[in-house]
Amino acid sequence: MSDDHVLRRSQASDAPAIHRIRAHPVTRRYQPLEQRSVEDLRLILDERGHAEVTPWQNGKLEWTVVVNGDVAGWVTVSVTSRSHHIGTIGYSIAPRFQARGIATRAVRDVAATALDPSGLALERLEAVAAVENIASRRVLEKCGFAFEGIARSYLIISGARIDHARYARLHTDVQGDDRTRDDGAPHAHA
């Protein structure tokens with residue numbers, strides 16, 4: 001049975017489901033997530049979900065991953081330097097939806113939008129993953145991100161400084177995976 005995947009801009013109504021995913025021990029294992037109330041998440045998701053996807057946008061934008069009608073996770077892009085056309089991408093998928101290619105599809109589509117001259121027009125999209133988070137590192141590699149090295153003691157997760165693998169994708173990188181999705185369908189921008 002095939003999953004029905006939808007990648008859409010985040011909405012305030014996604015907050016309870018995102019809150020549950022953020023609170024799950026498996027999610028928290030590799031994510032440096034700040035504790036937030038459902039109401040705080042509503043405000044954040046509403047703001048990030050309504051931020052325009054334009055070549056002059058600054059700040060954070062967020063997409064929600066929906067599978068068979070259930071919120072399965074999120075993808076965030078932060079424009080970190082508009083003058084240098086640099087951004088970062090982060091993502092998380094609920095444990096029950098992992099290992100099904102969902103993160104790969106979502107990251108691929110959002111990265112394409114971030115690097116598209118008519119989208120966010122970024123020229124460099126960066127990402128980090130805890131060194132031990134092999135699944136997340138594989139997602140980035142499948143999406144055409146190049147490994148650039150290890151950032152020692154990069155982020156604090158659950159009170160401990162954790163080494164992270166650094167990755168980046170440039171707008172000039174040609175990646176065959178961008179032409180088709182995991183299911184063989186032509187790629188469409190988010």
Side-chain angles (χ1 to χ4, degrees), residues 2-10 18 21 26-27 29-33 48 51 53 55 57 60-67 71-81 84-95 97-151 154-155 162-190:
S2 172
D3 291 324
D4 177 28
H5 299 85
V6 175
L7 180 65
R8 62 167 168 71
R9 296 303 302 281
S10 295
I18 296 293
I21 296 168
V26 171
T27 304
R29 179 176 179 196
Y30 294 120
Q31 295 279 342
L33 300 171
R48 291 179 184 174
V53 178
Q57 182 59 258
K60 294 185 178 184
L61 296 90
E62 190 139 355
W63 288 259
T64 297
V65 181
V66 180
V67 177
V71 172
W74 69 87
V75 181
T76 302
V77 171
S78 300
V79 178
T80 55
S81 174
H84 294 283
H85 308 281
I86 298 172
T88 61
I89 190 168
Y91 51 92
S92 192
I93 300 296
F97 293 104
Q98 292 177 359
R100 292 162 52 178
I102 295 165
T104 301
R105 289 181 206 140
V107 169
R108 184 179 295 138
D109 287 350
V110 172
T113 298
L115 296 167
D116 187 324
S118 63
L120 289 175
L122 297 176
E123 295 179 9
R124 178 179 171 85
L125 189 59
E126 301 172 335
V128 296
V131 169
E132 294 179 6
N133 190 349
I134 302 304
S136 187
R137 294 178 66 180
R138 287 185 64 217
V139 166
L140 292 169
E141 290 163 3
K142 287 179 185 178
C143 292
F145 284 75
F147 174 71
E148 294 187 328
I150 303 296
Y154 188 68
L155 296 174
I162 305 295
D163 294 348
H164 278 69
R166 295 184 61 93
Y167 290 85
R169 173 124 186 241
L170 306 180
H171 76 289
T172 55
D173 291 344
V174 176
Q175 178 65 21
D177 287 345
D178 281 343
R179 284 179 255 147
T180 59
R181 295 169 30 146
D182 288 347
D183 57 8
H187 171 76
H189 293 291

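Here the structure is a predicted model, which is why all the values come from computation and not from measurement. All values below were derived from every heavy atom in this structure, side-chain atoms included, with hydrogens, water molecules and symmetry-related copies excluded. The first residue in the sequence is number 1, and the count goes up from there.
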Closest heavy-atom contact between Leu115 and Glu123?
-> CD2-C, 4.2 Å
Please confirm whether the backbone N or O of Ile86 pairs with a side-chain atom of Thr80, one donor and one acceptor, at under 3.5 Å?
-> yes
Contacts of Tyr167 that satisfy ring pair (Phe, Tyr, Trp, His ring centres under 6.0 Å) - sequence neighbours left out = Phe147
CG-NE2 distance between Leu120 and His171, expressed to the nearest 0.5 angstrom | 14.0 Å
Test side-chain contact (heavy atoms from CB on, under 4.5 Å) applied to Thr104 and Asp109, Val139, Ile93, the passing residue | Val139
Heavy atoms of Leu140 and Ala129 approach each other most closely as CD1-CB, 4.4 Å
Considering residues at least two apart in sequence or located in another chain, which fulfil the side-chain contact (heavy atoms from CB on, under 4.5 Å) criterion with Ser10?
-> Asp14, Leu45, Glu62, Thr64
Non-neighbouring partners of Glu148 that pass salt bridge (Lys or Arg N to Asp or Glu O under 4.0 Å), sequence neighbours left out | Arg124
With sequence neighbours left out, the residues meeting side-chain contact (heavy atoms from CB on, under 4.5 Å) with Arg9 are Ala51, Val53, Leu61, Trp63
Distance in Å, Ile21 CD1 paired with Trp74 CH2, rounded so as to fall on 0.5 Å steps | 6.0 Å
Is the backbone N or O of Ser136 less than 3.5 Å from a side-chain atom of Tyr91, with the two atoms forming a donor-acceptor pair by type?
-> yes
Does some side-chain heavy atom of Asp173 sit less than 4.5 Å from a side-chain heavy atom of Phe145?
-> no
Indicate the atoms forming the closest heavy-atom contact of Ile18 with Gly73, along with that distance.
-> CD1-O, 3.9 Å
What residues, two or more places apart in sequence or in another chain, satisfy side-chain hydrogen bond (donor to acceptor under 3.5 Å, both in side chains) together with Ser92?
-> none
For Ala121 and Pro55, work out which heavy atoms get closest and say how close.
-> CB-CB, 3.7 Å
Judged by atom type as modelled, is there a donor-acceptor pair below 3.5 Å linking the side chain of Arg169 to the main-chain atoms of Cys143?
-> yes
Would you check if the side chain of Glu126 reaches a backbone N or O of Arg166 as a donor-acceptor pair within less than 3.5 Å?
-> no
Results of side-chain contact (heavy atoms from CB on, under 4.5 Å) for Ala135 - residues two or more places apart only = Asn133
Contacts of type side-chain contact (heavy atoms from CB on, under 4.5 Å), residue Glu132, not counting sequence neighbours | Tyr30
Greater than 12 external heavy atoms within 6.0 Å of Arg8's CZ = yes
Under 4.5 Å between any side-chain heavy atoms of Arg105 and Leu7, yes or no?
-> no
If you look at every heavy atom in His5 and Val67, which pair is closest and at what distance?
-> CD2-CG2, 3.9 Å
Smallest separation among heavy atoms of Ala114 and Leu125, with atom names | CB-CD2, 4.0 Å
Going through the checks in order, is the side chain to side chain contact (heavy atoms under 4.5 Å, CB included) test met by Ile162 and Val131?
-> CA-CA 8 Å; Ile162 305 295; Val131 169; over 6 Å; no
Evaluate the side-chain proximity of Val79 to Leu122: yes if any heavy-atom separation is below 4.5 Å, no if none is.
-> yes
